[in-house]
Amino acid sequence: MDPLNKQMAIRIAQSTELIPVIYNGKPVYIQEIDELQEKARVFPLDNLHSQFDVEITSLVNAGTKQHI
């Protein structure tokens with residue numbers, strides 16, 4: 001699996017589908033993208049109250065889509 005680039009992360013964040021990505025081996029949801037700093041605000045799918053910022057390139061597309 002390849003790391004996300006900025007454009008892919010933006011598309012995932014703007015999608016009407018839930019597109020999980022992987023961060024440190026765990027599925028996360030991209031809430032928003034900071035294009036200038038190339039960071040993503042994410043939260044783990046198993047802990048929706050825990051939000052944090054990560055480098056976009058540290059995220060990997062999980063490859064499955066779910067309608068929300």
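In this text the structure is predicted, and so the values were computed from the model without any measurement.
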Quiz item: Y23 and S58: which non-hydrogen atoms are nearest, and at how many Å?
Solution: CE1-OG, 3.3 Å
Quiz item: Which heavy atom of P20 sits nearest a heavy atom of N61, and at what distance?
Solution: O-OD1, 4.0 Å
Quiz item: Nearest 0.5 Å, what's the NZ-CD distance between K6 and E38?
Solution: 4.5 Å
Quiz item: Are any of the side-chain heavy atoms of F52 and P44 separated by less than 4.5 Å?
Solution: yes
Practice problem: Drop me the distance from K26's NZ to D46's CG, to the nearest 0.5 angstrom. | Solution: 5.5 Å
Quiz prompt | Separation of I33 CD1 from D53 CG (nearest 0.5 Å) | solution = 10.0 Å
Quiz item: So, do V42 and Y29 sit near enough that their side-chain heavy atoms are less than 4.5 Å apart?
Solution: no
Exercise. Could you check if a side-chain atom of L4 sits within less than 4.5 angstrom of a side-chain atom of I30, using non-hydrogen atoms only?
Key: yes
Practice problem: Could you list the residues that satisfy salt bridge (Lys or Arg N to Asp or Glu O under 4.0 Å) with D34, not counting sequence neighbours? | Solution: none
Quiz prompt | Nearest heavy-atom neighbours spanning E55 and K39 | solution = OE2-CE, 3.1 Å
Quiz item: Roughly how far, to the nearest 0.5 Å, is the CG atom of L45 from the CG atom of L18?
Solution: 6.0 Å
Quiz prompt | side-chain hydrogen bond (donor to acceptor under 3.5 Å, both in side chains) against R11, all qualifying residues, sequence neighbours excluded | solution = none
Quiz prompt | Minimum heavy-atom distance between I56 and A40, given as atom pair plus value | solution = CG1-N, 4.1 Å
